[in-house]
Each structure stands twice: as structure tokens, then as C-alpha cells.
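Below is one structure, written out as C-alpha cells, with a few remarks after it.
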Amino acid sequence: MRGILAKGMFAVALSLTLGLFSGATPTPDLSKTLHIYFVDVEGGQSTLFVTPDGKSLLIDTGWPGNDGRDANRIAAAAKDAGIKKIDFVLITHYHDDHVGGVPQLAAKIPVGTFIDHGELRETNNDDAKRVFSAYQQVLATGKYKHITAKPGEVLPITGMQVRVVTADGEVIERPLPGGGKQNASCENAPKPPVDTTENPRSLGTLITFGKLRILDLGDLTGDKEMDLMCPVNKIGTVDIYVVSHHGSQPSGTPVLVHAIAPRVAIMDNGAKKGGSPQAWDVIEKSPRLENLWQLHYSEAGGSEHNVAEPFLANLQGPDTGNYLKITAAPDGSFEVFNSRTRETKKYAAR
Ligand SMILES: [Zn+2]
């Protein structure tokens, strides 16, 4: 067939005609995969999703400053994925490690639509006011579409389903398909303190690609985890959990983590940010966990609370910005690639 096709356009046209009318069953294309880049922004968040048809969603933009370090790393991931534009940039909340990188990113790569939870709520925080204002200036250029998302809404990206589960301190009212079971972890769970920062306002999403389910709640705190997960688990189980708040307390309580029971957790911690021993322990004790992966060795974790080296994208020492990448198929199978080791670990469909 290859030889015939190489003979020119006429042969190609003939082959296409035969294909259309031969009545043969199409073979499923196994290259139709979702790609997720966990960009190393040194303890902030920046996660790039690229669908099989090249549509893209970036969750958060990392930090401001550092000579455009985070925008450069995001642009490198976009280049690796073969995209020249980011269709949707979702800002979970207005802290500098999430929204701070917006101006540098917008200067570096075309963006279609920004999505966020609405107004800044932590108005007594000068850092938050500064990064929110810089973000508003980017929106005010009029170059971008803008969506203020509410819990329950499905975002208009194609090729995967992105459903908002938390936003601006509110959570979905009713369980999603796959959710609705009593959550045993709620019994005797201590009531977490009410958090008044931007963290509990985080715009959280459940992303579904075929049978694969991925949960990303930004820096959502324990008080809102309880609203979302007690007394019934409104989410159900997931395959991949983007570890909330970089593995910092008071996020990632058993009420959330042990009920969503991820197969794989990816922690976007920095050397000195997130990666707390308490949050790490909760993940490692999660009932269905196969592996936790970390973007960095955590200094707070020390020898007892870090994963083995093959599961670390960045070891101790000078930072080289290594990333983790998931490639997922609609049947629920996926693999995790570590750009430092160049090794890939496969997870079969369940
Ligand atoms: Zn954060």
C-alpha cells in the first residue's frame, strides 16, 4: 500500500475512494491520546492538557518574575506537544504561584480564553492584589475571551470533558455520575478551620477523557474538602489526583484523598514549598494508590517522606526544571514519563 500511495496524487485519490466504499470496519487509532504536562514551576502550579485534536487547557501559569522562567517552561511544553496557541488558560485562584505568570505567558504565546472564579476575595493581601491587578490588565487588552466559571458547569473545550466542581468558595450541590456514596472518612473527621484566603476559592475541575478521570482542585483547603466530600462523596473515585496545594496542609485531608482513592497522585511541590510529611502520609495511605510522583524532592519530607528517585522529577541540588508527562488513552490506560530519567511507567486500564 505504501508503494502505491507514493506514486502520486492519483493513487492517493483512488485509495481514498476505495476506502470510502469498501465497507471495511475502521481500525481504532491508538495514537488518539491525551497529553498532560506537569510543568515544574518550583512549587506553584502549571499543568498543560493537550487533547488528541490539539485543543489545549493550561491550569495556572506559575510565578511572576525570574526572567520569564515559568512562561518559558510552559512554552517548551507547548512546543513539545506541537501546539502554537493555548486555547484555554484556567486560573484556579489569585495567588502569585498560580496567576502570577499570566503577563509573561500572554507575551510569549497566544491564548484564546481565560477562565477564573470571578472577583479577588482576599483583599487584605497586597501580593494577591498586585497579581490580580496584573491579570486584570491582561484581560483589559480586549484580546481574550473570558469565562467566570460556576460549580456544575462544563467548560467549552472539546476532546475531553472539563467539569467545574468548586469555584469561589462554592461546591457542586449534587453528586456527579460515579459519585454519591457515603464517605467513611467523614466519620470522626476533625472539622478543619475556616480558611479566609483565596485558597478555598480555588476553581476545581474533574476532567474526563474516555474512562480516565483526573481531579485538580488547585489549593482548595480542608474546610471545602469537607463540603465537597461529606457526608457523601460527590466526585467518586479518580485515576489521577493532582495533589492539592502542592502537598501542603491544611489541604489533602483523608476525607478527600481516601475517598477519591486515586491510582496515581502527582505532587507539584518545590524543594521548599509543599511536600509536607503530613500530606505525604495521607496520600501514601490512600487505599488504591499505585504511585505518588513528585516534581521535586521535598526538603521538609527528608529521608522518610519522599518517594524513591525514579518517581522524582527533580532531585536535590541545582534546579533543571524537569517535568512529568502523562499520556492517556480513552480506555483508561496511561503512562507517566519522567523527563529527568527519560523512563516511562505504564498503568494498564482497570
Ligand atoms: Zn499554590
Side-chain angles (χ1 to χ4, degrees), residues 37-48 57-66 69-71 73-74 89-105 114-117 120-122 124-132 134-135 165-169 192-193 195-205 214-225 228 241-253 256-257 265-276 278-280 282-283 292-296 298-301 313-314 319 321 323-324:
Y37 293 82
F38 298 85
V39 180
D40 177 28
V41 293
E42 308 297 325
Q45 183 171 0
S46 192
T47 315
L48 177 65
L57 166 70
L58 179 72
I59 299 185
D60 288 332
T61 60
W63 301 85
N66 303 307
R69 177 198 67 201
D70 294 352
R73 290 180 181 180
I74 294 163
V89 173
L90 184 158
I91 301 299
T92 59
H93 64 296
Y94 307 123
H95 279 162
D96 48 4
D97 56 326
H98 297 260
V99 70
V102 165
Q104 291 177 344
L105 181 79
F114 283 96
I115 304 166
D116 58 52
H117 74 60
L120 170 70
R121 302 298 186 181
E122 193 180 342
N124 58 352
N125 177 338
D126 286 342
D127 280 343
K129 276 161 76 175
R130 185 170 36 77
V131 289
F132 179 72
Y135 171 48
V165 295
T166 63
D168 197 22
D195 189 308
T196 57
T197 70
E198 267 286 310
N199 292 331
R201 305 283 178 177
S202 287
L203 175 43
T205 47
I214 305 152
L215 187 66
D216 184 331
L217 299 177
D219 288 359
L220 197 79
T221 41
D223 49 345
K224 297 298 172 187
E225 290 177 353
L228 185 62
Y241 165 51
V242 183
V243 173
S244 294
H245 207 170
H246 328 286
S248 302
Q249 284 192 302
S251 304
T253 59
L256 172 73
V257 180
I266 310 264
M267 185 188 278
D268 47 15
N269 65 307
K272 295 177 195 287
K273 183 141 181 289
S276 80
Q278 295 84 354
W280 193 94
V282 172
I283 297 165
L292 166 63
W293 295 74
Q294 296 173 211
L295 274 183
H296 270 268
S298 160
E299 291 184 13
N314 293 282
D319 183 65
Y323 60 91
L324 298 169

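Side chains are part of it too, since the values below use all heavy atoms of this structure and drop only hydrogens, waters and symmetry mates. Throughout, numbering of the chain's residues begins at 1 and tracks the sequence. When a ligand or atom number is given, it counts from 1 through the structure's own listing order.
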How are the rings of H98 and H93 set relative to one another: parallel (under 30°), tilted (30 to 60°) or perpendicular (over 60°)?
-> tilted
Among V282, I266, I283, L295, the one residue meeting side-chain contact (heavy atoms from CB on, under 4.5 Å) with V243 | I283
Only one of H246, E42, Q45 clears side-chain contact (heavy atoms from CB on, under 4.5 Å) with D97; which?
-> H246
Specify which N/O/S atom of D97 comes nearest to the Zn ion (ligand 1), by atom name.
-> OD2
Strictly under 2.8 Å, is any N, O or S atom of H246 next to the Zn ion (ligand 1)?
-> yes
At the Zn ion (ligand 1), what's the angle from D219 OD2 to H98 NE2, rounded to 10 degrees?
-> 90°
Determine whether D60 and I91 make a side-chain contact, defined as any pair of heavy atoms from C-beta on separated by less than 4.5 Å.
-> yes
